[in-house]
Structures are given as structure tokens and as C-alpha cells.
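For reference, the structure is listed below as C-alpha cells.
What you see is a predicted model; the values in this text were computed from it and never measured. Side-chain atoms are counted along with the backbone in the values below, which use heavy atoms only and exclude waters and symmetry mates.
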There are 2 protein chains.
Amino acid sequence: MTTLTRPAGSKANGGPENAASRRIAGYLREAILSGEIAPGERIRQEDVAERFGASRLPVREALRMIEAEGLIDSQTHKGAWVPRLSGHEVDVIYQMRERLEPLALAESLPHLTEDDLRRLEAIQERIEAGDGIGEFLALDREFHLLTYSGCPIDQLSSMVVRLWNSTQHYRRAFMHLTGPGRRWVINAEHRLLLDAIARRDAVDAERHLGGHIRRTRIELSAHPEVFEGTAR
Amino acid sequence: MTTLTRPAGSKANGGPENAASRRIAGYLREAILSGEIAPGERIRQEDVAERFGASRLPVREALRMIEAEGLIDSQTHKGAWVPRLSGHEVDVIYQMRERLEPLALAESLPHLTEDDLRRLEAIQERIEAGDGIGEFLALDREFHLLTYSGCPIDQLSSMVVRLWNSTQHYRRAFMHLTGPGRRWVINAEHRLLLDAIARRDAVDAERHLGGHIRRTRIELSAHPEVFEGTAR
DNA sequence: TCCGCTGTCATTGGATCCAATGCAGCATAG
DNA sequence: CTATGCTGCATTGGATCCAATGACAGCGGA
């Protein structure tokens with residue numbers, strides 16, 4: 001139904017095994033999201049192919065896919081690299097999230113199962129238990145994307161994932177710079193959001209979610225050092 | 001700076017000639033947008049390759065690109081086809097437009113030149129002169145995308161184009177079913193929008209644009225016959 | 001007559017080879 | 001010593017060949 005519970009951005013694929021290009025695209029996404037490949041870094045087709053024991057052909061297809069997702073830039077005969085984003089770009093992407101994600105949540109809400117709610121509760125408890133920064137980033141992402149997992153509109157789901165992916169690196173940089181402080185605010189917002197979702201109150205859920213993203217954006221914009229030397 | 005004035009969705013490419021895959025992707029976009037390839041129809045790699053006098057390889061890359069844009073669906077070993085959208089899907093896409101395009105306009109506004117304004121005026125005059133339906137569709141698209149052409153955020157620009165592309169076929173179907181009626185409403189809205197843009201009044205421009213898209217969406221939702229037999 | 005099986009064919013996926021381009025390093029002239 | 005042009009190499013783009021899969025028609029049995 002949606003891409004949200006899958007390798008992050010890949011189409012639902014009925015086939016027993018995904019085509020190599022899809023697996024490679026998934027790997028590249030993960031590598032960029034995790035910071036293994038950092039902004040500014042170049043991606044050589046041969047390296048990726050070698051890593052997968054495949055030829056360069058499916059790698060090229062994978063690169064075209066994630067290029068269309070905005071995860072890499074590429075130019076003819078000059079190769080592909082992970083783009084650096086400016087502070088303003090990330091700020092606008094957060095504004096896009098602020099406008100799109102409440103809509104995704106509203107579309108998702110009627111389709112969320114009781115089991116989804118239990119899983120959300122479990123994730124939130126693990127967030128509150130409070131492990132390391134890497135763990136928090138992953139759990140927070142999992143939490144929000146799960147709330148959108150019922151959204152039946154592919155265009156909307158995939159754009160939301162795309163926006164998360166584009167800013168993931170800067171979320172991590174932010175966390176590492178500022179430390180885990182203010183997490184209680186996030187937890188309080190998650191709790192309010194969770195409550196609204198459990199009541200299937202779309203209006204309330206949208207309002208809390210919008211505020212949540214908005215506050216994150218403002219907090220981020222107060223730390224321009226996250227983007228130092230990354231002007232495109 | 002942005003993709004809006006280019007073949008609709010392709011990255012800015014410094015190279016003297018675009019790679020074949022980009023040209024083919026551009027052609028496929030155009031073919032789908034113009035209705036030459038209709039929703040439900042399948043796309044065979046060999047056909048496209050033959051048409052370009054190229055091999056299937058760049059065609060496959062092009063298909064991956066426009067797949068990531070949501071213009072086609074594809075499954076391993078089963079091929080690619082233009083998806084049919086339900087009325088609800090198109091409705092939600094219009095809601096996404098309603099939320100994203102005012103943001104794109106606000107980001108674009110400070111960067112629009114006096115020459116852009118003159119071109120907008122000229123386009124609007126041609127719209128009011130009122131040619132055929134096909135002409136109107138193209139001009140209306142050109143008008144709006146030109147108002148966003150100053151937007152320096154690639155993610156935002158490309159998503160806006162993508163949303164236009166996804167619904168283009170249904171806009172045409174709608175026009176053909178209902179005729180050109182109510183065009184004076186559109187013209188009035190365009191004039192108000194143009195005025196706000198000329199005054200560089202972002203708040204006013206956003207409000208008029210949002211209302212414009214909203215009214216179009218509601219009008220469209222009143223004609224479910226546009227989507228008859230197109231349930232996915 | 002209808003259902004299931006099987007084999008053939010159309011179509012897509014992948015690998016290898018070759019061509020084209022861009023970049024870096026070096027040599028040379030001023 | 002510096003700047004400029006040339007040459008070689010690393011890397012990407014493209015074509016052709018082969019393998020794998022899925023759809024469909026034809027056949028046989030219940």
C-alpha cells in the first residue's frame with residue numbers, strides 16, 4: 001500500500017526478489033542516511049558495483065532512481081555526489097514537512113490498526129528510555145513514519161519519506177552538536193500526538209504534529225553552525 | 001537554479017548535450033503529459049529505444065527516473081505502465097498542491113525579475129484571448145510554473161512540477177468533459193495573483209493562490225465521472 | 001465443457017565490451 | 001617562475017549479447 005515500512009522509498013514490489021537496481025538503490029539510501037557517504041562526497045559506479053558483486057549497469061539505474069529522489073546530484077560524464085544543503089534549504093524543507101506531514105497523518109489516521117497503535121506506544125517507551133543519539137534518531141524516524149504508514153496516497157507517502165531522507169544528515173549533525181537536551185519537549189509532543197491518534201482526532205493530531213515540526217525547525221535554525229562550510 | 005523552465009523535472013545540466021537517458025526521460029514525460037501515452041497503457045522498452053535510435057540501456061535509466069517521479073509504475077520482469085489515479089488520489093494531490101505551491105511562490109517572489117512579470121502579463125493576456133482547450137492547459141501550466149521559477153530550493157521546485165505532472169491527464173479530461181466554462185473565475189484569480197506578485201506581497205499572493213487551487217479542487221471533485229473506471 | 005498443465009515466445013534484467021569525455025600531471029615556452 | 005597546451009588515465013555513457021522471468025496459447029484429462 002505504501003512505501004513507508006519498506007527500505008525507504010522503494011515501490012511495493014510483488015516479486016519474490018527485488019531487482020538488483022532496487023536493492024542497490026536501497027543500500028545507497030541507507031549509506032547516505034547513515035552518514036557513511038557524507039554530503040560533498042562522490043560516488044563511483046565501479047565501487048558500488050564491486051561491493052555488490054554486480055556490474056555497473058544496475059548501479060547506474062539505482063543512481064538515476066535516487067537522483068530523482070534528490071538524494072544525489074549528478075552531471076553527464078562528471079559523476080554523482082551527495083549534495084550539501086544550505087541552512088536555508090533545510091529550513092524550507094522543514095516548512096514543506098510542516099505542511100505535508102499533517103496531511104499525510106490525516107490520510108493515514110483512518111487506516112491505522114490497533115496493532116499499529118501498540119507498536120507506536122512501544123517505540124515511544126523506548127525513546128523515553130533514552131539510549132544514544134544514533135538510537136534516538138532511528139526510533140524517532142520510525143515513530144513518525146509509522147504514524148503515516150496507513151496513508152494510501154503513494155505520491156504523498158513517498159514525498160514525506162523523501163523529505164525525511166534529505167535532512168537526515170543534518171538532523172544527526174544537529175544532535176551531535178547540541179547534545180540530547182530538550183528531549184522532554186519532544187517526548188511531551190509525542191505523547192500528545194499519540195493521544196490524538198488513539199482518539200482518531202485528525203484535527204488535534206494535525207495541530208500537534210505541525211507544532212512539533214515547527215518547533216524543531218526553529219530550534220534547528222538557531223544553530224547555523226550545523227551547516228558551516230556547506231554552502232552549495 | 002531551478003528545474004521549472006526546463007523539460008519539466010530534469011536537473012540543470014551544465015553539459016553541452018544532455019545524456020541520452022535525460023532526453024528520453026524528457027520525451028516520456030512529455031508523451032505522458034500530452035496524453036499520447038494514456039493511464040493504464042504499457043511502455044515497452046524496445047519501442048522507446050527504437051524511436052530514439054538508441055539501445056534499451058538509456059531507456060531503462062529513463063524509466064527509473066520517471067518511476068521515481070511517480071509518472072509510471074513498474075514491477076520486476078513485468079514492465080512499466082502509466083498508473084491510473086482514483087478521484088481520491090487526485091483530490092489529495094490537489095491538497096498537496098494547495099499546501100506546497102504557496103510556499104514555492106513565497107520563496108520565488110523575491111527572485112522574480114521585472115522581465116518575468118512582463119512575461120506573466122503576456123501569458124495571461126493570451127489566456128484571456130481564449131483559444132482551444134489544449135492551448136489553455138499549456139498556457140495555464142506555463143503561467144503558474146513561471147510564478148515559481150525563482151524558487152531556489154530544488155526539492156520544492158521539483159515536487160511542485162511532479163504534482164502538476166501527475167494530474168495533468170485528469171485536468172485535460174476534466175476540461176474536455178465540462179467545457180471551458182467558468183474561465184472568467186480563473187482569469188479573475190490570475191489577475192489578483194498577478195497584482196499581488198507585482199506588489200511583492202507574499203501574504204496576499206499565497207492567499208489568492210491557495211484559494212485558486214482549492215476552488216479548482218472542489219470543482220474537480222464535483223465531477224467524479226472524470227475518473228470513471230480508473231480505480232487502481 | 002471447463003480446468004489445469006506445459007511449452008513456446010515476447011519482454012525485461014544483467015554482464016561484458018567499446019567509445020567518449022573530463023581531469024590531472026607534465027613538459028615546454030615565455 | 002609561471003602559465004599554457006598536450007597527453008595519458010580514470011571514469012562515465014552506450015551497444016550488443018545472453019539469461020531469466022512471465023504471459024499466453026494449445027493440449028489433455030476429468
Side-chain angles (χ1 to χ4, degrees), chain A residues 6-7 9-29 31-32 37-38 40-69 71-83, chain B residues 6-7 9-29 31-32 37-38 40-69 71-83:
Chain A
R6 298 177 184 278
S10 68
K11 283 281 171 198
N13 188 335
E17 55 176 317
N18 282 339
S21 53
R22 294 180 204 278
R23 282 189 296 110
I24 295 174
Y27 157 76
L28 286 174
R29 274 187 213 101
I32 294 172
I37 310 178
E41 202 166 326
R42 186 164 168 209
I43 300 176
R44 285 180 52 254
Q45 299 178 358
E46 189 94 31
D47 291 347
V48 182
E50 196 170 337
R51 174 153 201 157
F52 272 82
S55 82
R56 276 173 36 224
L57 197 149
V59 175
R60 281 163 63 175
E61 287 181 288
L63 288 173
R64 298 300 182 210
M65 288 194 254
I66 65 174
E67 178 187 356
E69 294 170 20
L71 270 182
I72 59 171
D73 283 351
S74 101
Q75 272 189 336
T76 305
H77 281 295
K78 288 174 89 173
W81 63 92
V82 181
Chain B
R6 298 176 185 280
S10 68
K11 283 281 171 196
N13 189 337
E17 56 177 315
N18 282 338
S21 53
R22 294 180 204 277
R23 281 190 296 111
I24 295 175
Y27 157 75
L28 286 174
R29 273 187 214 101
I32 293 171
I37 310 178
E41 202 166 327
R42 185 165 169 208
I43 300 175
R44 286 180 49 256
Q45 299 178 358
E46 189 95 32
D47 290 348
V48 183
E50 196 169 337
R51 175 151 200 159
F52 273 82
S55 82
R56 277 173 35 224
L57 197 149
V59 175
R60 282 163 64 175
E61 288 181 287
L63 288 174
R64 297 301 181 211
M65 289 192 252
I66 64 174
E67 177 187 357
E69 294 170 20
L71 269 183
I72 60 170
D73 283 350
S74 102
Q75 272 188 336
T76 306
H77 281 295
K78 289 173 90 174
W81 62 94
V82 181

Nearest to the Lys78(A) side chain among dA23(D), dC23(C), dG13(C), which nucleotide is it?
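The closest nucleotide is dC23(C).
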Options dG14(C), dA23(D), dT11(C), nucleotide nearest the side-chain atoms of Ala20(A)
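So the side chain of Ala20(A) is nearest to dG14(C).
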Could you check Leu57(A) against Ala80(A) and say which one's nearest nucleotide on DNA chain D is further toward the 5' end?
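Going by which nucleotide is closer to the 5' end, it is Ala80(A).
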5' precedence on DNA chain C between Gln45(B) and His77(A) (nearest-nucleotide basis):
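On the 5' side of the pair lies Gln45(B).
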For a quick check, tell me whether the side chain of Arg60(B) and the base of dG14(C) share a donor-acceptor pair closer than 3.5 Å.
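Between dG14(C) and Arg60(B), which were checked side chain against base, a qualifying N/O pair under 3.5 Å is present.
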Side chains of Ile43(A) and Ile72(A): does their closest heavy-atom pair fall under 4.5 Å?
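The answer is yes, as the side chains (C-beta and beyond) meet within the 4.5 Å cut-off.
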Does some side-chain heavy atom of Arg42(A) sit less than 4.5 Å from a side-chain heavy atom of Lys78(A)?
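Heavy-atom side-chain distance check fails, nothing below 4.5 Å.
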So Ile43(A), base contact, sugar-phosphate only, or nothing? Heavy-atom distance under 4.0 Å.
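Touches sugar-phosphate only.
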Select base, sugar-phosphate, or nothing to describe what Arg44(B) touches, counting heavy atoms under 4.0 Å on all strands.
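Since only primed, P, OP1 and OP2 atoms lie under 4.0 Å of Arg44(B), the category is sugar-phosphate.
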Respond yes when some side-chain nitrogen or oxygen of Arg64(B) is under 4.0 Å from OP1 or OP2 of dG13(C), and no when none is.
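So the side chain of Arg64(B) is within the cut-off, an N or O lying under 4.0 Å from OP1 or OP2 of dG13(C).
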Charged N to carboxylate O under 4.0 angstrom, Arg64(A) versus Glu61(A)?
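Judged by the 4.0 Å cut-off on N to carboxylate O distance, Arg64(A) and Glu61(A) do not form a salt bridge.
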Whole angstrom value for the distance that separates P of dC23(C) from CZ of Arg42(A):
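Answer to the nearest Å: 9 Å.
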